[in-house]
Q: 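Would you mind keeping the following structure in view while I ask a few things?
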Amino acid sequence: MSGLQDSVWAGDIQQLKGLVSERALSGETVVLNMGPQHPSTHGVLRLMLELDGEEIVSCVPDIGYLHTGIEKNMEAKRYEQAITMTDRMDYLNPLGNNLVYCLAIEKIIDLDVPPRAQYLRVLLAELTRINSHLVWLGTHALDIGAMSMFLYCFREREKILDIFEMVSGQRMMSTYFRPGGLWRDVPEDFEPAVRDFISYFPARIDDYERLLTDNPLWLDRTQGIGFLSAQDAIALGCTGPTLRGSGVNWDIRKAIPYSSYEHFEFDVPLGQHGDVYDRYLIRVEEMRQSLRIVQQALDNLPGGPVRSNNRKYVPPPRSELGTSMEAVIHHFKLWTEGFRPPKGEVYVRVESPRGELGCYLISDGSPKPWRVHFRTPSFIHLSALPHMSKGYLIADLVGIIGTVDIVLGDADR
Amino acid sequence: MLDPVESLTSAFPQAVEDTQEFRGEITVIVAADSIVEVCRYCRDTKGLEYNFLSDVAGVDYYPQEPRFAVSYHLYSMVHNRSLRLKVYLPGDDPALPSVTGVFPAANWSEREVYDLFGVVFTGHPDLRRILMPDGWDGHPLRKDYPLGYETVQFSFNFDEVDRHKPYARE
């Protein structure tokens with residue numbers, strides 16, 4: 001008998017007060033646990049759902065299962081060492097995370113970045129966006145029941161990962177962007193590989209659209225659910241395709257251009273209804289626009305160095321070490337002690353595939369950052385999930401989770 | 001379009017403690033008890049219209065005093081510019097009013113600051129831990145909270161290090 005007693009939940013019903021409605025405490029509605037290992041939660045997200053029949057009365061997300069203390073860890077590492085941590089936050093957008101952290105360092109020390117590095121950053125950031133949207137499209141469609149989409153999307157994604165591996169040696173945790181530019185120049189095979197992808201991919205996007213855009217099952221499952229008005233989206237802090245699905249024209253690449261985005265021509269697709277279907281259309285169109293940017297970056301790619309010449313912050317190339325004493329000293333100082341940015345604090349934002357990715361960096365003048373904070377889109381979008389899912393059926397919730405495009409590594413950090 | 005520093009100092013002469021500019025970013029340091037009014041003023045005043053709260057972040061300046069700071073990153077979609085509001089808090093019982101009533105987006109960000117720094121937001125609708133487990137002891141992003149390490153095992157000291165590892169044994 002004692003074993004049976006131990007298996008009874010020892011929690012207190014008072015803990016639920018304020019989280020669910022009074023009807024749940026009297027037993028009129030059902031409180032159901034969803035996750036953290038549910039396949040549609042894209043990682044480890046737990047939702048506490050209060051249900052009236054099949055209708056969602058309230059939804060309480062519970063996160064933190066993937067919390068790895070990245071911000072704390074970065075405080076214990078030198079600026080350049082800490083870049084490797086950023087890859088591991090949003091694992092579908094590793095180069096975008098590198099980018100925001102490097103931009104923050106470059107802003108705090110006012111470091112120049114050569115034009116070739118800026119263009120390559122844009123090119124690779126846009127390939128990362130396509131990569132992330134492909135995973136989103138595959139898993140979102142899989143959740144809703146369109147199984148084969150997943151296979152097609154991952155087939156194309158592999159080609160992008162091959163390009164990442166070609167430039168950085170890694171498929172996902174690339175750490176390719178460094179303060180002042182890039183780790184090293186792209187190899188000779190890079191350009192033909194990207195051109196191959198540019199000519200191959202548009203027809204594949206048309207394939208996806210043929211499978212989904214006018215598919216009556218897809219329309220049934222996505223239209224008119226997960227509605228978010230423009231005012232609510234702004235108030236709740238939604239950004240990226242989630243905000244633009246509600247018709248708000250705000251894209252950081254256009255509003256606050258960084259890394260020479262002002263040189264590129266592209267359109268920002270907007271939604272009209274603010275439902276799951278509109279956000280699907282936007283992300284598919286964003287893949288086409290990203291491809292346009294990749295094409296422009298490749299056609300107009302400037303020559304020259306890919307890393308700044310400021311030796312106080314950027315190590316000299318290996319070839320100089322044999323001939324220049326000064327290069328040896330800089331190399332030694334940078335790899336043993338690291339660089340010391342001036343005291344100050346900056347906040348830098350970039351448009352990640354999911355929305356606004358911000359980096360708040362505080363330097364106290366030592367070689368290690370005093371504080372690094374990431375404002376991650378998945379975290380903020382998850383806090384908007386209860387608002388978006390209220391009143392819909394539990395079957396629609398799967399589509400709504402998919403549409404906010406969460407990555408739990410991004411939310412928990 | 002109003003200048004944020006001028007209009008805030010004239011509207012809140014007592015609350016605005018200092019203003020700074022670094023790399024083109026404006027920081028306005030505000031007294032803790034008036035942060036809600038300042039946020040509402042920034043959001044609703046014609047010519048400022050900071051309608052979007054990007055981020056709320058905590059900072060620990062240990063061992064300095066005032067020890068803690070909370071930074072609010074506001075952005076105006078109307079005028080395309082940013083503003084940082086910063087509140088300094090003492091090391092003992094750091095607390096300040098919550099701005100969730102003005103910016104609902106602050107909800108989880110404030111929970112995160114509470115969880116990782118132990119800064120209490122009074123008037124927050126649901127102030128619980130968010131990233132750490134509910135029963136966790138301490139606030140990990142405080143500077144006096146140690147970062148855990150694991151000693152590297154080499155062949156010559158493998159057994160010695162292994163004896164001190166915390167994993168469960170039969």
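Lettering of chains follows the sequences in order, A, B, ..., and the numbering in each one begins at 1.
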Q: With a 4.5 angstrom heavy-atom cut-off, is it the side chain or the backbone of B:N80 that approaches chain A, or both, or neither?
A: side chain
Q: With a 4.5 angstrom heavy-atom cut-off, is it the side chain or the backbone of A:E75 that approaches chain B, or both, or neither?
A: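 Only the side chain of A:E75 comes within 4.5 Å of chain B.
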Q: Of the backbone (N, CA, C, O) and the side chain (C-beta and beyond), which part of A:L66 lies under 4.5 Å from a heavy atom of chain B, both, or neither?
A: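 Interface part for A:L66: neither.
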Q: In terms of heavy-atom pairs under 4.5 Å, which option from A:P61, A:S383, A:G64 contacts chain B the most?
A: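 Most heavy-atom pairs under 4.5 Å with chain B: A:S383.
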Q: Assess the residue pair A:T376 and A:S378 against the criterion (side-chain hydrogen bond (donor to acceptor under 3.5 Å, both in side chains)); give the C-alpha distance rounded to whole Å, side-chain angles, the decisive distance to 0.1 Å, and a yes or no.
A: CA-CA 6 Å; A:T376 52; A:S378 300; over 6 Å; no
Q: Given that the side chain runs from C-beta out, which part of A:A384 has a heavy atom under 4.5 Å from chain B: side chain, backbone, both or neither?
A: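 The answer is neither part of A:A384.
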Q: Counting only heavy atoms closer than 4.5 Å, note whether A:I362 contacts chain B via side chain, backbone, both or neither.
A: side chain
Q: Looking at chain A, which one of B:R128, B:R111, B:R23 has the largest number of heavy-atom pairs inside 4.5 Å, strictly under?
A: B:R23
Q: With rounding to the nearest 0.5 angstrom, report the CG to CH2 distance, A:L236 to B:W108.
A: 11.5 Å
Q: Please classify the contact of A:K254 with chain B as side chain, backbone, both or neither, using a heavy-atom distance under 4.5 Å.
A: neither
Q: Could you check B:E110 against B:S98 for side-chain hydrogen bond (donor to acceptor under 3.5 Å, both in side chains), going step by step and ending with a plain yes or no?
A: CA-CA 8 Å; B:E110 288 185 345; B:S98 162; 2.6 Å; yes
Q: Run the numbers on A:E345 and B:K86 for salt bridge (charged side-chain N to carboxylate O under 4.0 Å, His left out), then give the verdict.
A: CA-CA 12 Å; A:E345 52 190 295; B:K86 203 167 178 185; 2.6 Å; yes
Q: Is it the backbone or the side chain of B:D60 that comes under 4.5 Å from a heavy atom of chain A, or both, or neither?
A: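 Backbone only.
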Q: Considering only heavy atoms, which portion of B:D126 lies under 4.5 Å from any heavy atom of chain A: side chain, backbone, both, or neither?
A: side chain
Q: Does a side-chain heavy-atom distance below 4.5 Å link A:C59 with A:K390?
A: no
Q: Quick check on A:I234 against chain B: is it the side chain, the backbone, both or neither that has a heavy atom closer than 4.5 Å?
A: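 Its backbone and side chain both get close to chain B.
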Q: Between B:R81, B:R129, B:R43, B:R84, who has the most heavy-atom pairs with chain A when the cutoff is under 4.5 Å?
A: B:R84
Q: Could you walk me through whether A:R253 and A:D251 pass the salt bridge (charged side-chain N to carboxylate O under 4.0 Å, His left out) check?
A: CA-CA 5 Å; A:R253 293 174 293 173; A:D251 186 319; 2.8 Å; yes
Q: Pick one of side chain, backbone, both or neither for A:V372, based on which atoms fall under 4.5 Å of a heavy atom in chain B.
A: neither
Q: Under 3.5 Å, is there a donor-acceptor pair between the A:S308 and A:D112 side chains?
A: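 Judged by distance alone, the side chains do pair up.
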Q: What are the two closest heavy atoms between A:Y65 and A:R46, and how far apart are they?
A: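 That would be OH-CD, 3.3 Å.
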Q: With chain B as the partner, which of A:G69, A:A76, A:A255 has the greatest number of non-hydrogen pairs under 4.5 Å?
A: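 Looking at each of A:G69, A:A76, A:A255 in turn, A:A255 comes out on top.
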Q: Any non-hydrogen side-chain atom of A:M34 less than 4.5 Å from a side-chain atom of A:I401?
A: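 Answer yes - side chains close enough.
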Q: Answer yes or no: is there a side-chain heavy-atom contact under 4.5 Å between B:V38 and B:L85?
A: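 Yes, close enough: below the 4.5 Å cut-off.
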Q: Given heavy-atom pairs under 4.5 angstrom as the criterion, report whether the side chain, backbone, both or neither of B:V102 touches chain A.
A: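 Contact with chain A is absent: no heavy atom of B:V102 under 4.5 Å.
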Q: Could you tell me which portion of A:Y360 (side chain, backbone, both or neither) has an atom closer than 4.5 angstrom to a non-hydrogen atom of chain B?
A: side chain
Q: Relative to chain B, which segment of A:I109 carries a heavy atom at a distance below 4.5 Å: side chain, backbone, both, or neither?
A: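 A:I109 touches chain B through backbone heavy atoms alone.
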Q: Can you tell which of A:I256, A:V248, A:D364 has the highest number of heavy-atom pairs within less than 4.5 Å of chain B?
A: A:I256
Q: Sort A:D232 into side chain, backbone, both or neither according to what part of it lies under 4.5 angstrom from a heavy atom of chain B.
A: neither
Q: Checking B:S54 against A:R349: is there a side-chain donor and acceptor pair closer than 3.5 Å?
A: yes
Q: Shortest non-hydrogen contact from A:E71 to A:F374?
A: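 The pair with the smallest heavy-atom distance is OE2-N, 3.2 Å.
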Q: Under a 4.5 Å heavy-atom cut-off, does chain B meet the side chain of A:E356, its backbone, both or neither?
A: side chain
